[in-house]
Amino acid sequence: MATALSALRLDPQRIRTFGSKLRAWYRRNARDLPWRHTRDPYAILVSELMLQQTQVSRVLDYWTRFLTRFPTLHALADAKERQVLDAWAGLGYYARARNLHKLSRAVVREGPRAWGDDTGPLLPAEPAKLRRLPGIGAYTAGAVATFAFERRASLVDTNVARVLTRVFAPRLQPKRSRDQKRIWAIAEATLPRTGKATWTHNQALMELGALVCTARVKRCDACPVRMVCRSSDA
DNA sequence: AATCCGGGGCT
DNA sequence: AGCCCAGGATT
């Protein structure tokens with residue numbers, strides 16, 4: 001870990017400042033998004049799948065309607081694929097809906113025993129186990145682990161990749177798959193200790209990328225971490 | 001490593 | 001017209 005930090009030239013003091021400023025900003029400026037009020041793993045999972053390559057504004061209505069129509073994993077598993085696709089109609093990337101449906105039948109059939117925990121929830125809390133389910137990749141596994149189970153897990157999406165590279169490693173290029181591994185290492189190295197703080201931290205990383213550290217027109221003047229940012233001290 | 005998958009919004 | 005958006009599966 002110390003080697004990882006030094007290889008990336010990440011100063012612990014800098015990391016602490018970044019995290020505390022980031023989370024303080026989030027508490028004051030975060031949007032009020034409905035999936036941030038729940039810890040239901042199924043509801044969180046649906047939101048994460050819908051949000052893949054899809055803007056928040058377009059997901060809002062779909063998410064509410066989908067959960068009304070299919071309130072639980074069991075309800076979803078009982079539905080026909082046709083019904084699930086109908087509820088998804090207009091969102092695009094329909095493989096997400098088919099995978100979600102398959103996933104629901106898999107976990108309902110095998111139950112928590114498949115994760116080695118008879119009494120636990122239907123969905124596993126560990127990223128490595130979530131990762132095995134259809135439609136769940138590295139990002140979504142981390143997202144469900146932290147946002148539903150409040151685990152200390154890292155996650156990297158396009159927002160997080162952009163924020164972390166600009167702040168800590170401006171020379172990395174998020175689109176290069178080789179650099180992706182380094183970005184995940186930075187995400188891991190800058191994570192808070194506890195799961196509760198990690199929930200806020202990860203939400204805040206994505207929120208900063210969505211509202212301030214945006215892809216096209218950056219708003220560095222409004223950025224809470226510009227004093228520790230390697231891209232803004234020019 | 002590169003392509004494909006949808007549709008809408010932004011510049 | 002081109003790029004971007006809470007990615008993942010397939011080749």
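Just so we're on the same page: letters track the sequence lines, and every chain starts at 1.
Partners of A:Thr200 under the side chain to side chain donor-acceptor pair (under 3.5 Å) rule, at least two apart in sequence or in another chain, do not exist in this structure. For A:Glu207, the side chain to side chain donor-acceptor pair (under 3.5 Å) test picks out A:Arg31, A:Arg36, with sequence neighbours left out. Judged as a ring pair (Phe, Tyr, Trp, His ring centres under 6.0 Å), and not counting sequence neighbours, A:Tyr42 has no contacts. In this structure A:Asp32 satisfies the side chain to side chain donor-acceptor pair (under 3.5 Å) test together with A:His37, sequence neighbours excluded. Evaluation of the side chain to side chain donor-acceptor pair (under 3.5 Å) rule for A:Tyr139 yields A:Glu48 as partners, not counting sequence neighbours.
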Distance-only donor-acceptor pairs under 3.5 Å for side chains of residues 63-71 of chain A, two or more places apart:
from    : atom 1 : to      : atom 2 : distance (Å)
A:Trp63 : NE1    : A:Ala43 : O      : 3.0
A:Thr64 : OG1    : A:Leu60 : O      : 3.3
A:Thr68 : OG1    : A:Thr64 : O      : 2.9

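Of all nucleotides in DNA chain C, those with any atom nearer than 4.0 Å to a heavy atom of chain A start and finish, going 5' to 3', at C:dG2 to C:dA9. Nucleotides of DNA chain B that come within less than 4.0 Å of any heavy atom of chain A span, from the 5' end to the 3' end, B:dA1 to B:dT11.
Sorted by residue number, the members of residues 26-57 of chain A with any non-hydrogen atom under 4.0 Å from DNA chain B read A:Gln53, A:Thr54, A:Gln55. DNA chain C is contacted by no residue of residues 63-70 of chain A, taking any non-hydrogen atom closer than 4.0 Å. Taken residue by residue, residues 81-98 of chain A places heavy atoms nearer than 4.0 Å to DNA chain B at A:Gly90, A:Leu91, A:Gly92, A:Tyr93, A:Tyr94. Within residues 139-153 of chain A, the residues that have a heavy atom under 4.0 Å from DNA chain C are, in order of number, A:Tyr139, A:Thr140.
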